[in-house]
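Here, residue 1 is the first one in the sequence, and each next residue gets the next number.
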Amino acid sequence: METYRLNSKLVDDSKEYLIQTTNDVSLGSISSEVYVDGLLADVVNLPHPEQIKPEEVLALVQTTHDEKKREIETLLKAYHEALESANAEMMYHMGLAFFYRRFYGEAQSLFTTAIGLNESYHEAYNLLGQTELALGNVEASSKAVRSAVELRPQYADYRNNFGEALMASMALKEAQQQFEKAIEINLYYSDAYFNLGLALIRQS
């Protein structure tokens with residue numbers, strides 16, 4: 001069976017979004033990938049029946065590609081609407097959507113703008129910290145999650161995330177303290193135990 005490949009390019013705020021959809025003959029599936037400025041951000045794999053005609057595969061590739069393109073266009077439209085809304089909560093929830101799709105640049109803008117509107121928005125500080133860490137901005141990550149911890153010191157997740165940011169900056173003793181605090185708050189917090197172990201190993 002022939003391999004079909006479709007490409008579409010979207011440009012928004014000087015960012016390039018490349019949507020690429022292909023069928024994998026060996027796996028019997030269709031893959032739709034989204035690259036943001038050359039970095040893979042989103043992948044969807046859709047299996048199809050083994051017994052299928054080439055023209056049906058081509059139609060599936062086209063349909064899958066068109067749906068993914070519309071989805072990205074809709075997301076980008078919602079991104080701009082959220083930024084223009086002056087609604088911190090809307091920005092936060094849109095930021096979550098972009099974060100989990102690994103569209104980190106958009107998530108960063110949304111969380112930062114939400115915090116500008118509401119300086120006590122601890123959830124936005126926490127997610128901004130995780131976003132900055134995903135972008136490799138370790139110092140900015142520590143600063144953001146530190147703010148979340150200061151606003152809600154009894155949130156174990158914030159302590160654990162702060163510890164991860166500190167560990168990424170090699171502040172291992174401080175990271176250890178945050179993981180220990182997270183465990184004090186939640187004795188069953190497996191991620192914090194795992195991270196504590198990593199921090200101790202790296203100090204040895």
Within a reach of under 6.0 Å around [atom1] of [X], are more than 12 heavy atoms found that belong to other residues, nucleotides or ligands?
{"X": "K15", "atom1": "NZ", "result": "yes"}
{"X": "K68", "atom1": "NZ", "result": "yes"}
{"X": "E139", "atom1": "CD", "result": "no"}
{"X": "Y193", "atom1": "OH", "result": "yes"}
{"X": "Q51", "atom1": "CD", "result": "no"}

Nearest heavy-atom pair of [X] and [Y]: which atoms, and what distance?
{"X": "T21", "Y": "S32", "answer": "OG1-OG, 3.1 Å"}
{"X": "A192", "Y": "F179", "answer": "O-CB, 3.9 Å"}
{"X": "A175", "Y": "G163", "answer": "CB-O, 3.4 Å"}
{"X": "A82", "Y": "M90", "answer": "CA-SD, 3.8 Å"}
{"X": "V57", "Y": "I30", "answer": "O-CD1, 4.3 Å"}
{"X": "F111", "Y": "A124", "answer": "CB-O, 4.0 Å"}

Check step by step if side chain to side chain donor-acceptor pair (under 3.5 Å) holds for S8 and H65. CA-CA 8 Å; S8 292; H65 185 79; 2.7 Å; yes

Is there a donor-acceptor pair under 3.5 Å between the side chain of [X] and the backbone N or O of [Y]?
{"X": "N137", "Y": "A140", "result": "no"}
{"X": "R159", "Y": "P153", "result": "yes"}
{"X": "S141", "Y": "G129", "result": "yes"}
{"X": "Y125", "Y": "E119", "result": "yes"}

If we only count heavy atoms from C-beta on, is the [X] to [Y] side-chain gap below 4.5 Å?
{"X": "V149", "Y": "S147", "answer": "no"}
{"X": "M91", "Y": "Y79", "answer": "no"}
{"X": "I72", "Y": "I19", "answer": "yes"}
{"X": "N195", "Y": "L198", "answer": "yes"}
{"X": "D13", "Y": "H80", "answer": "yes"}
{"X": "R102", "Y": "Y104", "answer": "yes"}
{"X": "L127", "Y": "E123", "answer": "no"}
{"X": "E81", "Y": "K77", "answer": "yes"}

If you round to the nearest 0.5 Å, how far is [atom2] of [Y] from [atom1] of [X]?
{"X": "N161", "Y": "L133", "atom1": "CG", "atom2": "CG", "answer": "9.0 Å"}
{"X": "L172", "Y": "M167", "atom1": "CG", "atom2": "CE", "answer": "7.5 Å"}
{"X": "L166", "Y": "K173", "atom1": "CG", "atom2": "NZ", "answer": "13.5 Å"}
{"X": "F103", "Y": "Y17", "atom1": "CZ", "atom2": "OH", "answer": "6.5 Å"}
{"X": "N23", "Y": "E56", "atom1": "CG", "atom2": "CD", "answer": "13.0 Å"}
{"X": "Q203", "Y": "I201", "atom1": "CD", "atom2": "CD1", "answer": "11.0 Å"}

Would you check, one step at a time, whether the test salt bridge (charged side-chain N to carboxylate O under 4.0 Å, His left out) holds for R101 with E71? CA-CA 12 Å; R101 287 176 177 273; E71 179 185 323; 2.4 Å; yes

So, [X] versus [Y]: side-chain donor-acceptor pair below 3.5 Å or not?
{"X": "Y35", "Y": "E33", "value": "yes"}
{"X": "S29", "Y": "H48", "value": "no"}
{"X": "E180", "Y": "Q176", "value": "yes"}
{"X": "D157", "Y": "N126", "value": "no"}
{"X": "N160", "Y": "Q178", "value": "no"}
{"X": "N45", "Y": "S31", "value": "yes"}

Parallel, tilted or perpendicular: which describes the rings of H122 and Y155, with under 30° parallel and over 60° perpendicular?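 The rings of H122 and Y155 stand perpendicular, inter-plane angle above 60°.
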
Here's a test for you: under ring-ring contact (aromatic ring centres under 6.0 Å, His included), which of F98, Y121, F99 qualifies with Y92?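 So, applying the ring-ring contact (aromatic ring centres under 6.0 Å, His included) to Y92 and each of F98, Y121, F99, only Y121 qualifies.
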
Worked verdict on D66 versus T64 for side chain to side chain donor-acceptor pair (under 3.5 Å): CA-CA 6 Å; D66 290 345; T64 303; over 6 Å; no

Is there a path of hydrophobic side-chain contacts, each under 4.5 Å between heavy atoms of I/L/V/M/F/W/Y residues, joining [Y] to [X]?
{"X": "L196", "Y": "M170", "result": "yes"}
{"X": "L135", "Y": "Y100", "result": "yes"}
{"X": "L58", "Y": "L6", "result": "yes"}
{"X": "L128", "Y": "V145", "result": "no"}
{"X": "L83", "Y": "V36", "result": "yes"}

Show your reasoning for whether salt bridge (charged side-chain N to carboxylate O under 4.0 Å, His left out) applies to E150 and R146. CA-CA 6 Å; E150 289 172 350; R146 183 189 298 273; 5.1 Å; no

